[in-house]
2 protein chains.
Amino acid sequence: MTAYWCERAWLGDEGFVDGVIVEVEGTHIAAVDRGEPPHGAERLAGLTIPGFANSHSHAFHRTLRGRTQRERGSFWTWRDTMYDVGERLDPDRYHALALATYQEMALTGITAVGEFHYLHHESSGSPYDDPNAMGEALVAAAREAGLRITLLDACYLSAGFDAPAEGVQRRFSDGNADRWATRVQALAFDDPGVVVGAAIHSVRAVPRDQLATVANALPGSPLHIHLSEQSAENAACHDAYGLTPTGLIADAGVLSDRLSVVHATHLTDSDILTLAAAQVYAGFCPTTERDLADGVGPARELVDAGARLTLGSDSHAVIDMHEEMRAVELDTRLQTQLRGHFRAAELIAAATSNGHASLGFPDGGRIAAGAWADLVTIDPASLRTAGTGGGEETVVFAATAADIVSVIASGRRVALDRAEVADRLAASIGAVVS
Amino acid sequence: MTAYWCERAWLGDEGFVDGVIVEVEGTHIAAVDRGEPPHGAERLAGLTIPGFANSHSHAFHRTLRGRTQRERGSFWTWRDTMYDVGERLDPDRYHALALATYQEMALTGITAVGEFHYLHHESSGSPYDDPNAMGEALVAAAREAGLRITLLDACYLSAGFDAPAEGVQRRFSDGNADRWATRVQALAFDDPGVVVGAAIHSVRAVPRDQLATVANALPGSPLHIHLSEQSAENAACHDAYGLTPTGLIADAGVLSDRLSVVHATHLTDSDILTLAAAQVYAGFCPTTERDLADGVGPARELVDAGARLTLGSDSHAVIDMHEEMRAVELDTRLQTQLRGHFRAAELIAAATSNGHASLGFPDGGRIAAGAWADLVTIDPASLRTAGTGGGEETVVFAATAADIVSVIASGRRVALDRAEVADRLAASIGAVVS
């Protein structure tokens with residue numbers, strides 16, 4: 001049993017409370033009390049919140065940061081660089097890159113990651129000797145970095161409606177959804193910090209008649225899908241099926257309260273009602289949506305209708321959950337020319353409790369007895385945060401990842417050397433970029 | 001004479017160059033060479049760029065960071081809090097707050113600030129015994145923080161078209177433009193690092209027949225104006241005069257190549273051509289424009305037509321010029337759903353050479369013989385910047401203010417203790433917020 005005394009801790013609906021004692025037994029919180037520091041308790045000075053859940057990650061995109069902005073960074077700069085890196089990865093390089101990326105995440109207060117994984121096979125498209133070698137490399141990296149992981153193994157069969165997978169995309173495809181399911185059903189990890197979930201890459205990548213196979217392959221597990229990220233996907237889906245992507249997945253029986261729709265940028269009013277009625281998670285990735293010029297999705301409308309907002313750093317143009325939280329509000333302001341869409345507390349919940357639940361960790365993202373012991377402490381007296389009130393608004397609108405001074409993930413302190421992690425990032429990226 | 005050896009320095013059109021020797025004599029650069037480190041040279045390891053110019057600042061708005069986001073942070077939360085603080089400032093408190101804010105800026109690589117200043121008088125509206133006591137407090141604070149300052153003394157006479165100044169706005173008004181000019185013409189500082197410029201607060205705040213008086217009060221000096229920040233201003237201007245704000249100031253003879261139009265968010269195509277033909281500076285403040293829900297201005301169109309882009313942190317919701325640089329591109333992406341509007345080098349020039357020129361320091365923002373000796377060094381191997389290529393894209397798209405490891409401003413090293421500055425921020429803000 002380890003006792004922590006938080007100078008100020010965020011207890012969800014109660015907001016920030018001064019003097020909170022958190023008793024940790026192994027990986028979980030055994031008890032939460034209030035009062036003076038008990039003898040021998042470790043002090044957490046500052047603002048302590050639950051660990052962040054990064055609900056949508058493509059670890060290997062960390063190689064793209066900065067690089068895809070060259071020569072003004074068109075969409076093609078981005079896609080060519082991404083595929084170029086995708087060609088060069090093997091299980092060892094994937095592990096090294098993911099380890100560095102997950103360690104960067106751990107240092108920014110992320111305690112669980114949803115890894116949306118589609119680089120399954122050799123460059124030729126043939127399976128590795130161990131057909132799950134690539135996914136297992138990701139899980140090993142997360143465990144080594146001290147993060148919980150939900151491996152969202154993505155079914156990707158076609159490059160577009162009626163377009164076969166080609167080039168690097170052959171690495172993504174299992175041929176059909178049944179073969180994908182057979183491979184994924186063999187994944188097993190004897191660790192409560194590892195969850196296996198399913199993903200439909202997008203309505204472009206899985207034919208209509210195979211959507212249900214993916215959705216039903218892992219009953220009760222998280223299911224994620226990229227949905228309506230760009231207008232072009234909507235147009236192509238309408239041409240192919242006469243439906244919006246939301247209409248299509250609703251028709252195919254994909255909707256449920258274990259589904260996360262990632263991006264959900266270009267939705268009709270009817271799509272919003274359909275998704276919200278199923279109580280899906282809406283997985284926004286605002287810094288990536290800025291980078292990729294996706295546009296601003298209807299976050300407020302989705303939440304008002306009943307969907308649950310989660311947040312992810314996706315392509316890792318930035319890994320800073322503070323930036324993701326505030327970007328939801330700020331980008332909505334740019335779009336509407338009105339302030340005041342989200343309370344700071346709603347955005348903290350999106351980045352913590354909602355996110356962990358969407359990844360199959362319903363007992364995560366809360367400072368409460370029985371929850372995963374994730375405690376992230378923010379300096380309220382840095383250059384950036386000094387004088388900003390020291391409450392929820394400081395966390396969401398003033399702090400950055402650089403203000404995080406202590407991270408406890410699944411009961412263990414994250415004790416990484418920043419310079420070593422930076423060296424590992426540089427080396428693992430250097431090995432795969434041209 | 002002090003010699004610096006830059007591992008990698010940004011030389012404008014030549015981009016980043018390895019091994020650059022910068023010889024500094026007093027406040028200016030005497031010579032720039034290339035080669036191995038000379039004996040006794042101080043090494044600057046990392047990416048060295050010219051100092052940033054923060055072309056638009058209201059120092060006292062640093063009090064608002066975080067605080068104006070409460071209860072979802074409507075526009076009225078923001079304005080009420082801002083006016084509440086405005087009521088409580090006197091020259092001593094203004095100095096203390098500006099000193100802390102300018103020290104925060106210095107630590108983020110800003111070497112010159114354009115302070116758009118309108119808190120001139122006592123709360124009653126009466127002048128202080130020294131009518132320029134408030135402006136002089138700002139200049140003293142900047143000098144103490146080691147920044148160059150352009151005091152943009154703003155004429156503010158009315159709260160709106162045909163609406164008198166009231167409440168805290170009485171502090172802003174000199175009664176008429178002639179009295180404003182008399183006060184401003186008395187400002188004199190025997191320091192090449194201090195420039196006095198003029199500002200028209202906005203077309204709302206200075207009646208049409210007094211615009212020229214302000215524009216001509218300080219011939220040859222910088223002139224700034226808030227222009228078309230929100231659609232409501234455009235509509236009210238049209239109702240009052242049948243002109244856009246740009247049309248109005250063009251008609252009144254305000255346009256010239258020493259004018260900075262700040263925000264310039266809601267412009268007609270004709271406005272853009274009019275402004276660009278005069279070769280104005282377009283002063284974008286993207287993080288504030290997000291915060292205040294202003295919208296996304298036509299940065300690319302203005303630059304293509306011939307205006308010169310500058311950047312400011314304005315309300316200081318964030319003080320991080322990296323964030324301002326990338327936000328120009330990223331917010332344009334959100335608006336257009338296309339990537340690739342600005343090269344990174346254009347954004348660095350906006351934040352450095354263009355900005356200094358707009359503030360009346362044409363010999364600033366360049367690493368070249370004869371320029372102000374401002375050298376800002378960024379760590380290319382931090383958690384955020386590692387593996388991102390180490391060039392202009394790293395500076396603009398990966399780095400944050402937290403990655404700045406060395407700042408030399410006007411030939412002097414900025415050697416501030418971050419914790420002391422944070423304490424000063426907390427104390428000076430605590431003295432004026434309720």
Side-chain angles (χ1 to χ4, degrees), chain A residues 62-63 65-67 69-75 77-78 104 107-108 230-231 289-296 317-319 330-331 333-344 381-389 393-394 396-398 400 402 418-419 421-423 425-426 428-430, chain B residues 62-63 65-67 69-75 77-78 104 107-108 230-231 289-296 317-319 330-331 333-344 381-389 393-394 396-398 400 402 418-419 421-423 425-426 428-430:
Chain A
R62 175 62 177 82
T63 54
R65 188 184 300 171
R67 297 176 185 278
Q69 313 292 351
R70 291 178 183 160
E71 294 304 314
R72 297 189 174 194
S74 73
F75 175 75
T77 316
W78 186 87
E104 180 180 352
L107 285 165
T108 68
Q230 303 214 340
S231 320
E289 290 149 11
R290 286 175 180 167
D291 190 359
L292 291 183
D294 293 336
V296 182
V318 180
I319 298 180
L330 296 174
D331 291 349
R333 290 184 189 178
L334 284 181
Q335 188 183 44
T336 59
Q337 295 178 36
L338 290 172
R339 289 178 114 237
H341 305 277
F342 285 88
R343 286 179 298 108
S382 77
L383 276 191
R384 290 167 289 274
T385 57
T388 64
E393 293 80 12
T394 291
V396 174
F397 290 100
T400 74
R418 285 170 183 269
V421 175
D423 284 349
L425 282 164
S428 61
I429 292 169
Chain B
R62 176 62 178 82
T63 54
R65 188 184 300 172
R67 297 177 184 277
Q69 312 292 350
R70 289 177 185 161
E71 295 304 314
R72 296 190 174 191
S74 74
F75 176 76
T77 317
W78 187 86
E104 181 180 352
L107 285 165
T108 68
Q230 303 213 340
S231 320
E289 290 149 11
R290 286 176 180 167
D291 190 359
L292 291 182
D294 293 337
V296 182
V318 180
I319 297 181
L330 296 174
D331 290 349
R333 290 184 189 177
L334 285 180
Q335 188 183 43
T336 60
Q337 295 178 36
L338 290 172
R339 290 178 113 237
H341 304 278
F342 285 89
R343 286 180 298 109
S382 76
L383 275 192
R384 290 168 288 274
T385 58
T388 64
E393 293 79 14
T394 292
V396 174
F397 290 99
T400 74
R418 285 170 183 268
V421 175
D423 284 350
L425 282 163
S428 61
I429 293 169

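Keep in mind the model is a prediction, meaning the values are calculated, not measured. Labels below follow one simple rule: chain letters A, B, ... track the order of the sequence lines, proteins then strands, and each chain is numbered from 1.
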Greatest number of heavy atom pairs closer than 4.5 Å to chain B - which of Gln230(A), Gln335(A), Gln337(A) |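 Option with the top pair count is Gln337(A).
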
Under the side chain to side chain contact (heavy atoms under 4.5 Å, CB included) criterion, do Asp291(B) and Arg339(A) qualify, and how do the steps go?
-> CA-CA 7 Å; Asp291(B) 190 359; Arg339(A) 289 178 114 237; 2.7 Å; yes

Working for side chain to side chain contact (heavy atoms under 4.5 Å, CB included), residues Glu289(A) and Leu330(B) = CA-CA 9 Å; Glu289(A) 290 149 11; Leu330(B) 296 174; over 6 Å; no

What part of [X] is in contact with chain A, defined as an atom under 4.5 angstrom from a non-hydrogen atom: side chain, backbone, both or neither?
X         : answer
Ala317(B) : backbone
Ala381(B) : backbone
Ile429(B) : side chain
Asp294(B) : backbone

Any side-chain heavy-atom pair from [X] and [Y] closer than 4.5 angstrom?
X         : Y         : result
Leu334(A) : Asp331(B) : yes
Arg67(A)  : Glu393(B) : no
Arg62(A)  : Thr388(B) : yes
Arg333(A) : Leu292(B) : no

CG-CG distance between Leu383(A) and Leu107(B), expressed to the nearest 0.5 angstrom =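 With rounding to 0.5 Å, CG (Leu383(A)) is 5.5 Å from CG (Leu107(B)).
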
So, does Arg65(A) use its side chain to make a donor-acceptor pair with the main chain of Arg384(B) at under 3.5 Å?
->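 Looks like yes, one N/O pair under 3.5 Å.
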
Where do Ala426(B) and Ala386(A) come nearest, in terms of heavy atoms and distance?
->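 Minimum heavy-atom contact is N-CB, 4.3 Å.
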
Option in Ser428(B), Gly387(B), Gly295(B), Gly66(B) with maximal non-hydrogen atom pairs under 4.5 Å from chain A |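 Heavy-atom pairs under 4.5 Å are most numerous for Gly387(B).
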
